[in-house]
Amino acid sequence: MTYHAKSDFMRVMMERGFLADCTDYQALDEALLKGTLPGYIGFDATAKSLHVGSLIQIMMLRWLQKCGGKPIVLMGGGTTKVGDPSFRADERPLLSPAQIDDNIAGIRRVFTSYVRFGEGATDALMLNNAEWLDELNYLDFLRDIGRHFSINRMLSFESVKSRLDREQSLSFLEFNYMILQAYDFLELNRRYGCLLQMGGSDQWGNIINGIDLTRRVLDTQIFGLTSPLLTTSDGKKMGKSQSGAIWLNPDMLSPYEFWQFWRNTTDADVGRFLKLYTELPVEECDRLGALEGSEINAAKVILANEVTTLCHGAEAAAAAEATAREVFEKGGTGDDLPTFTVTTNELAEGVSISALFVRAGLSKSGKDAKRLIAEGGARLNDEAVTEAGQMITVADLAQPIKLTAGRKRHALIVLG
């Protein structure tokens, strides 16, 4: 659809590639022009940090605030007890209330880097849906809310249908998730005047449910807007790397490794990622993304610096770039590389080099490490490793040693 946005927020969403679908482009655009519009995105507290896969949604909340709206970060303290079944093959493991609270505390730290919290009109709120979900009376909820939901329609949503088509079990607990998420939107509208829910395109059905429920119960028009489900140009899901999830909290992934993830972006993704994950002008993103050959590497460094600055601060970005330059250009070890400790007791009889690659997260298993070595992709202090059974002893660790997998993944091993 061709729609020319009038509000700053809708223009940013469309120009920078955030927009996959919207329930009513024109009506939402006009609502944004009328004043401060509250909009929310929900995040379930399944880990102590969000990862890069959630960053597109975090940036949408940031842009909403920058364009004069009021971002609401809704933590799923209640819904995490159920688990979102959307497009999953199995049921999520259930967490205790204490684990959920701990995870929410960790996730809040991420958001303080991206949005401004406070009491002002456009200051962000962080809310927990346990505030209203934990207090629900089951029979009252079924009578007042459940009657608005058609089982036939719920079964037709792709997120549910795909699970059933594969003949994979969907528990009644999980089936309730979409009703609870719809109820969140109703409550946020009732309590905070929230008019917009945003999320990935896999949440479209859940968002529509909330809009329909709010219209039926409160006779209020509210809106939904989704972002595309992002994959890299080679088809991989955004947020994961060979060594695991790219976490946003520095205590779960070092700023250097975070920086390096963005520096390793494939050429075809640079322009698109600059638009989504940085605040550089669109024209500059297009210019940098069109560079070729060795020049595109400079654009990747800009991408890595801009994204790392937003997440971890300018000092962390500068330190990561300096470490990368030392490692790649000067062959040094770099002070900011991910570091792993091996004790003297562990080294009493020596540790195989393949085991160290696993310990450092550079290989997923001993078999994977042996294959890396056999294919010539493993180096110890910049020298090729040829024997998977090579033993490392206390004497070898008189100084830290640097392990390298491929060309761009490094780690330090030190004696503890």
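Worth saying up front: this structure is predicted, and the values here are computed from it rather than measured.
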Using a 3.5 Å distance criterion without hydrogens, assess whether the side chain of R272 forms a donor-acceptor pair with backbone atoms of G17.
no
Could you tell me if T266 and D269 have a donor-acceptor pair between their side chains, going purely by distance under 3.5 Å?
yes
Applying salt bridge (charged side-chain N to carboxylate O under 4.0 Å, His left out), run through R109 and D251 and close with a yes or a no.
CA-CA 11 Å; R109 290 199 295 273; D251 55 343; 3.6 Å; yes
What's the shortest heavy-atom distance between K370 and A388, and which atoms?
CG-CB, 3.7 Å
Is there side-chain contact between F185 and N209, with at least one heavy-atom pair below 4.5 Å?
no
Contacts of F9 that satisfy ring-ring contact (aromatic ring centres under 6.0 Å, His included) - sequence neighbours left out
none
Might you point out which heavy atoms bring P228 and I56 nearest each other, and give the distance in Å?
O-CD1, 4.3 Å
Residues that F141 engages under ring-ring contact (aromatic ring centres under 6.0 Å, His included), provided they are two or more places apart:
Y183
Within the side chain of K48, is there an N or O that forms a donor-acceptor pair under 3.5 Å with the backbone of D102?
no
The criterion is ring-ring contact (aromatic ring centres under 6.0 Å, His included); which residues satisfy it with F223, sequence neighbours excluded?
none
Distance-only donor-acceptor check, side chains T79 and Q181, under 3.5 Å:
no
Side chain to side chain contact (heavy atoms under 4.5 Å, CB included) assessment of Y25 paired with L19
CA-CA 11 Å; Y25 291 82; L19 189 55; 3.5 Å; yes
D29 side chain to S7 backbone, donor-acceptor under 3.5 Å:
yes
Going by salt bridge (Lys or Arg N to Asp or Glu O under 4.0 Å), name the pairs with one or both residues in residues 9-28, residues two or more places apart or in two chains.
D8-R11
Any donor-acceptor N/O pair, Q65 side chain to T122 backbone, under 3.5 Å
yes
Check whether N129 reaches the backbone of G78 with its side chain - one donor and one acceptor, N or O, closer than 3.5 Å.
yes
May I have the list of side-chain donor-acceptor pairs in residues 309-321 shorter than 3.5 Å, sequence neighbours left out?
{"from": "T309", "atom 1": "OG1", "to": "N305", "atom 2": "O", "distance (Å)": "2.7"}
{"from": "E321", "atom 1": "OE1", "to": "N305", "atom 2": "ND2", "distance (Å)": "3.0"}
{"from": "E321", "atom 1": "OE2", "to": "R325", "atom 2": "NH2", "distance (Å)": "2.9"}

Assign the ring pair W259 / Y256 to parallel, tilted or perpendicular, where the plane angle (0 to 90°) is split at 30° and 60°.
parallel
With distance as the sole test, does R409 use its side chain to make a donor-acceptor pair with the main-chain N or O of L362 at under 3.5 Å?
yes
Quick one: list whatever passes ring-ring contact (aromatic ring centres under 6.0 Å, His included) with F357, sequence neighbours left out.
none
Are the side chain of R147 and the backbone N or O of R143 linked by a donor-acceptor pair below 3.5 Å?
yes
Is there a donor-acceptor pair closer than 3.5 Å between any side-chain N or O of N249 and the backbone N or O of M252?
no
Which pair of heavy atoms, one from A130 and one from G77, lies closest together, and at what distance?
CB-C, 3.9 Å
Under 3.5 Å, is there a donor-acceptor pair linking the side chains of S254 and E257?
yes
